[in-house]
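One structure is given here, and the rest of the page talks about it.
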Amino acid sequence: MPTLTDLDTPPLPTTPIRRRVVPTGVWGPLAAAAVGGVLNALAFPSAGWWPLIFVGTPLLLASLTARRTWVAVGAGALGGATFLGTHIFWLTVYLGPAPWAALTGLETVLLTAGAVVIALAWRTTDAVFVRPWLRSGVTPVVIAALWTAREYVTSNWPYGGFSWGRLAFSQSESPYGDLAAWVGVAGLSFLIAWVSALVVQTARTARAGRPRAVFAVAAVALVGLAAVPPFPVQETGKLRVAAVQGNSDAGLLAANQPGRILNDHVAATIPVLDEPVDLVVWPENASDLNPLEYPAAAAALDLVSARMDAPVVVGTVTQTDEEMFNSLLLWEVGIGAKAQYDKKHPVPFAEYLPDRDFWYPLAPELFSLIPRDFSIGERPNVFDIDGVQAGLAICFDIVDDTLIREMVGRGAEVILAPTNNADFGRTDQSAQQLAIARLRAIEAGRSVVNISTVGTSAMIGPDGSTIDRLPTFTPGAMVQSVPLSTTITPAMAAGQVIELGTVLGGLSGFAAAGFLAMRVKNRLRG
C-alpha cells in the first residue's frame, strides 16, 4: 500500500501525463478546491443550480491531483470547509456560529482524510495504468468509488453521521434524479463522481489547447445518464390526506405558553374540517402537550378526528419513567393512541448530547441548551392506517438510508415525513430537507407527505413531482389524494449492496493499484 509520503516522491517511469489543462503548482489546486466547494454548495437548494455539481465536483477532484502532500491536504481541507461552511450556514440562525463552526470543522477533518486517500489513488493509478484506456477506464471508477466511500463514512460516523451534503441530494429536481430509483442515493453519488473523475482524467491527458475532448467526454457521459428512463412505478390506490402546517414558533429557544403550538395546528385545521379525508397529518412537535398525559390535548385531537372522520398522525414528546422520545401518535377518536413511533435517528448535539460527561464541560453554556436527551426509538417505523401501510420519518430520519429501506421492507405504501424546521428561520435548511424527501420519493417509489410546523411543506409523488405545496411561514392545509404503491424499485431491492459493493470495490481497486505500484518500484530498485 502507498503511504502519504509517496505523494512527495518522484513519479515512476510511465507514459507522460500532460497536466496543462488542470490546476498546477500550489495556488492552482487551492483555488480550484475553494471554487469547487462553493459551486457544489450552490447546486443545492435554495439556489438549486444543480448543473453546478458537474462543475464543482471536477474542480474538487482536479485539486487532488496536486503532487505535493501539503497541497493535497490543503486542497481537501479548503474544499471541504468552503462547501460545508456554505451549505449548512443555516445552523447559525438561532444557535450562533459555534455549532456551525464545530460541525463544519468535524466534517472537514473527515472530508480531508478522504481527500488524501483520493489524492493517493490518483498517484498510484498513474504509476500502474500505463495504457491510456486503463487510465480513462479504471481510474475514474476507483476515484468515484472512493468518493462514495467517503460519503458512506460521513453518513454513518460519528454518532450516526451527517449525510446532508451527499452529491445525490443536489439532483432531486434534475433529469438525473430518476436514477435514484435504479441505483439509490449512494449509486447516484457514485455516478456523479464518476462523470467528474472522467472529465478530470480526460483533461489531464488532453493536449494543451484542445479542450474539446473534455467537453465531448462530459457530454457523452451526461447524455447517456439522462437517457436512462424513469423506473415504472405502479399505482395501487389513493390515500386522501389533509396535511396541516400551523406556522408555530416551535423552535428550541422559543418562549411559548404550554398548548400554544397545539392550538396553532387546531386553528390551521379548522378551514378543512369538513373535507372528506382518510388521514390527517400534523408535523413533528405539533402537540406540545402530550395527549397521553394531558386531557385537553386528547380532547383537541378527538375533536379533529371526529369532525374529519379520520385518524390523526401527530407529533409530540412522550416519556417513560427513565426515557424521553420524539414520537408520532396515530390518534383516533374513541380509542386514543392506536400506535406510536419513536424517532430512530434523533439528532446528536441537538436532540441529545452523546457522551455528555465528556462534551458538556467543554461548552457548558452551549450544551445547557440541550437539558434533555431523547432516546433512540425501537418501535416499527410503519403505521397501519385502515389497511394502508404508511412509512414514518420524523425530520432527520429522512436522511437515513437504513430507515427508508426498513419502512419499505415493512410494506410501506406511502411515506409520512412530519418535521419541525422552526429553529432555522427563513434559511435554506427546509428547502434542502424537502429536496432530500423528494429524492427519497423517487428512490423508494413512494409518495411522500412532508409536513412542517413552518414549512417547507409539500406532497410529492413517487416520480418526484410536486402534488401540492404550502407557502412557508403561513398557516394552512393541503388536502390531496396521494398515490399508493407497493412497487419495489431496483434501489430498494438491492438494499445496501450497491453502496457497500461500490465502497469495497473502490478500496480494493486502490489497494490493488498500491500493491502493483510497490511491485513496480521494487523491481526498478532491484
Side-chain angles (χ1 to χ4, degrees), residues 155-164 250 252 261 279 281-294 297 301 311-332 335-356 370-385 388-423 433 436-437 440 444 446 448-453 495-496:
S155 297
N156 291 278
W157 186 88
Y159 305 123
F162 184 74
S163 64
W164 209 260
L252 177 67
I261 300 173
L279 177 67
V281 183
W282 283 4
E284 174 189 21
N285 307 136
S287 182
D288 51 333
L289 298 177
N290 179 5
L292 299 176
E293 297 181 2
Y294 290 89
L301 292 173
V312 181
V313 171
V314 56
T316 192
V317 174
T318 63
Q319 57 187 9
T320 64
D321 292 339
E322 298 179 351
E323 293 183 296
M324 184 173 294
F325 298 96
N326 186 348
S327 302
L328 292 178
L329 303 178
L330 178 61
W331 193 275
E332 188 168 331
I335 299 175
K338 295 177 61 177
Q340 178 174 332
Y341 166 67
D342 303 321
K343 189 175 184 179
K344 291 192 173 187
H345 201 144
V347 182
F349 301 99
E351 293 181 297
Y352 74 102
L353 184 60
D355 299 321
R356 182 174 285 270
I370 314 171
R372 59 188 183 185
D373 290 330
F374 285 110
S375 296
I376 297 173
E378 297 181 353
R379 301 173 190 261
N381 59 349
V382 172
F383 280 166
D384 184 331
I385 302 171
V388 173
Q389 305 303 306
L392 308 167
I394 303 177
C395 194
F396 201 64
D397 282 348
I398 200 71
V399 306
D400 192 315
D401 295 358
T402 301
L403 297 183
I404 304 302
R405 291 192 291 266
E406 179 183 331
M407 66 176 65
V408 172
R410 292 180 179 274
E413 302 167 72
V414 62
I415 298 173
L416 308 179
T419 183
N420 177 12
N421 305 104
D423 271 323
Q433 186 174 330
I436 296 171
R440 291 303 192 191
R446 300 293 184 270
V448 174
V449 178
N450 190 87
I451 186 66
S452 169
T453 48
Q496 206 170 11

### Query
How long is the span from the CG atom in Leu416 to the CZ atom in Arg446, to the nearest 0.5 Å?
13.0 Å
### Task
Report yes if the side chains of Met407 and Leu392 come closer than 4.5 Å at any heavy-atom pair, otherwise no.
no
### Query
Parallel, tilted or perpendicular: which fits the ring planes of Phe162 and Phe396, with parallel below 30° and perpendicular above 60°?
parallel
### Query
Any side-chain heavy-atom pair from Ile394 and Asp342 closer than 4.5 angstrom?
no
### Query
Which atom names give the shortest non-hydrogen contact between Lys343 and Cys395, and what distance separates them?
NZ-CB, 3.8 Å
### Query
With distance as the sole criterion, is a donor-acceptor pair present between the side chains of Asp401 and Gln496 under 3.5 Å?
no
### Task
Would you check if there is a donor-acceptor pair between the side chains of Asn420 and Thr453 at a distance under 3.5 Å?
yes
### Heavy-atom check, side chain of Trp164 versus side chain of Ile436, under 4.5 Å
yes
### Query
Do Glu406 and Pro380 come within less than 4.5 Å of each other through their side chains, counting heavy atoms only?
no
### Message
I'd like to check Asp288 versus Tyr294 (side-chain heavy atoms, cut-off strictly below 4.5 Å). Are they in contact?
### Response
no
### Query
Are Ile404 and Ile398 close enough that some pair of their side-chain heavy atoms sits under 4.5 Å apart?
yes
### Query
Just one of Leu329, Leu301, Leu279, Leu330 clears the side-chain contact (heavy atoms from CB on, under 4.5 Å) bar with Val312, so which one?
Leu301
### Query
Is there a donor-acceptor pair under 3.5 Å between the side chain of Asp397 and the backbone N or O of His345?
yes
### Task
Specify the closest pair of heavy atoms between Lys344 and Arg379, including all atoms of both residues, with the distance to one decimal.
CE-O, 2.8 Å
### Task
Check whether any side-chain heavy atom of Asn326 lies under 4.5 Å from a side-chain heavy atom of Pro346, and answer yes or no.
no
### Query
Would you call Val317 and Asn290 a side-chain contact if the rule is heavy atoms closer than 4.5 Å?
no
